[in-house]
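Here's the structure we're looking at; comments come further down.
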Amino acid sequence: MGLAYPPTLGKPPDGLRRQNAMLEAVARRKAHWLFNAGSEKSFSGKRRPQEDMVTSAVFGSIWQMSPEDRYGALKILLGHEAFEATKFTPDDDIEVALWPRLAGLAGRRHVEPDVLLKAAGKTAVVEVKWHAPLSERQLEQQVTAVGPDNTAAVIMLGEVGVEDEICGVRAFRRTWRDVSAELQKAQSPTFSPLSRWNTTMRLFLQETDMGRVFDGLAKIANPGGASFQFRKPGHPPWLDQPPPQEPQPTKYTFGET
């Protein structure tokens with residue numbers, strides 16, 4: 001199902017359209033094979049592109065939004081508890097920095113978190129995982145590079161487990177299925193950029209093995225006119241066959257021989 005942009009509101013900005021392109025391609029089942037079950041095996045022994053593609057498309061599209069819509073999208077993406085820990089407010093213009101290079105420690109030239117969210121002196125570290133584990137002390141090195149005193153929260157976005165605290169900073173785990181379930185409940189003004197993002201994200205995650213959740217059976221438009229057929233290969237539908245005849249009584253005689 002495509003997304004329509006009403007003429008009165010115009011199309012989304014060029015940057016937002018470009019970032020949404022990958023999400024749309026998967027949502028419309030044009031490139032969903034990249035994110036379906038077993039897709040991680042397609043890149044065995046190589047750098048897997050799905051993780052970076054998701055990071056860029058999801059957070060890049062959020063960065064193109066207005067501050068108000070950006071706040072709403074990040075609240076859905078990170079989850080209520082984690083977002084509350086960041087102490088971001090609706091008045092903040094939250095910066096979304098993708099793969100910033102920070103000075104490394106202990107012999108490392110640099111440390112590169114997936115995403116840093118920054119506003120009014122507050123920073124949240126977001127690590128995105130898609131069919132991949134954490135490296136040794138990966139989150140500890142990122143928090144140390146940012147500075148524990150400058151880090152409000154650490155969010156692990158993916159299936160990987162995480163400790164409750166990283167270097168004294170509260171840490172949270174948010175799976176893609178958590179995000180998918182939240183998107184199904186989210187409400188925003190119709191045809192707003194946030195609403196379009198919600199719809200595209202929900203359809204995208206439903207076409208992936210990491211984010212697919214059961215969203216109910218399709219509603220029958222005309223229940224009174226519905227018909228059902230049950231078939232067995234090589235046999236006619238059993239409902240089309242005449243009903244069985246009335247069973248005949250069976251008599252048993254018992255006696256000594």
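Note that the numbering runs from 1 along the sequence shown for the chain. Atoms considered below: every heavy atom in the structure, side chains included; atoms not considered: hydrogens, waters and symmetry mates.
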Rounded to the nearest 0.5 Å, what separates atom CG in Leu139 from atom CD1 in Ile166?
5.0 Å

Should Leu77 and Val58 count as side-chain neighbours, where that means a heavy-atom distance under 4.5 Å?
yes

Is a donor on one side and an acceptor on the other found under 3.5 Å between the side chain of Asp92 and the backbone of Phe88?
no

Treating Ile, Leu, Val, Met, Phe, Trp and Tyr as nodes and any side-chain heavy-atom pair under 4.5 angstrom as an edge, say whether Trp63 and Trp99 lie in one connected cluster.
yes

Under 3.5 Å, side chain of Ser66 to main-chain N/O of Asp69, donor-acceptor pair present?
yes

If you take all heavy atoms of Val125 and Pro113, which pair is closest and at what distance?
CG1-CB, 4.4 Å

Spell out, yes or no, whether Val128 and Val169 are grouped together once hydrophobic residues are joined by side-chain heavy atoms under 4.5 Å, including indirect joins.
no

Taking atom CZ of Arg196 and atom CG of Asn198, what is their separation to the nearest 0.5 Å?
11.5 Å

With a 4.5 Å heavy-atom cut-off, do Phe59 and Leu157 have their side chains touching?
yes

Taking the side chain as every heavy atom from C-beta outward, state whether Leu78 and Phe172 have any pair of such atoms under 4.5 Å apart.
no

State plainly whether one hydrophobic cluster holds both Trp176 and Ile62, where clusters connect Ile, Leu, Val, Met, Phe, Trp and Tyr through side-chain heavy atoms under 4.5 angstrom apart.
yes

Between Leu116 and Val126, is there a side-chain heavy-atom distance shorter than 4.5 Å?
no

Do the side chains of Leu98 and Met156 join up, straight or via other hydrophobic residues, at under 4.5 Å, putting them in one cluster?
no

Is there a donor-acceptor pair under 3.5 Å between the side chain of Lys122 and the backbone N or O of Lys87?
yes

Looking only at heavy atoms, which two atoms of Ala145 and Val111 are closest? And how far apart?
CB-CB, 4.1 Å

Can a donor-acceptor pair be found, under 3.5 Å and without considering hydrogens, that links the side chain of Thr208 to the backbone of Leu205?
yes

Measure the spacing between CG of Leu134 and CD of Glu127 and express it to the nearest 0.5 Å.
6.0 Å

Side chain Glu182, main chain Val179, donor-acceptor under 3.5 Å
no

His80 atom NE2, over 12 foreign heavy atoms within 6.0 Å:
no

If you round to the nearest 0.5 Å, how far is OG1 of Thr199 from CG of Leu183?
9.0 Å

Does the side-chain contact (heavy atoms from CB on, under 4.5 Å) test come out yes or no for Phe204 and Val54, once each step is laid out?
CA-CA 10 Å; Phe204 162 73; Val54 169; 4.0 Å; yes

Here's a test for you: under side chain to side chain contact (heavy atoms under 4.5 Å, CB included), which of His131, Lys129, Arg173 qualifies with Glu159?
Arg173

Find out whether Ile94 and Tyr71 are in side-chain contact, i.e. whether some heavy atom of one side chain is under 4.5 Å from a heavy atom of the other.
yes

State, yes or no, whether a side-chain contact exists between Val154 and Gln142 at a heavy-atom distance under 4.5 Å.
no

How many angstroms lie between CZ in Arg202 and CD in Glu207, if you round to the nearest 0.5 Å?
11.5 Å

Looking only at side-chain N and O atoms, does Thr175 offer a donor or acceptor that is under 3.5 Å from a partner on Asp178?
yes

Can you measure from OG (Ser180) to CE (Met210) and round to the nearest 0.5 angstrom?
12.0 Å

Judged by atom type as modelled, is there a donor-acceptor pair below 3.5 Å linking the side chain of Thr86 to the main-chain atoms of Phe83?
yes

Heavy-atom count around Glu68 CD within 6.0 Å, excluding the residue itself: above 12?
no

Gln206 versus Gln184: any side-chain heavy-atom pair under 4.5 Å?
yes

When clusters are formed by joining ILVMFWY residues with side-chain heavy atoms under 4.5 Å apart, either directly or through shared neighbours, do Val115 and Val143 land in the same one?
no

Ignoring hydrogens, what is the shortest heavy-atom contact between Arg170 and Ala85? Give both atom names and the distance.
NH1-CB, 4.5 Å

I need the minimum non-hydrogen distance between Pro193 and Met65, along with the two atoms involved.
O-CE, 4.3 Å

Residues Asp93 and Ala119: closest non-hydrogen pair is O-CB, 4.1 Å

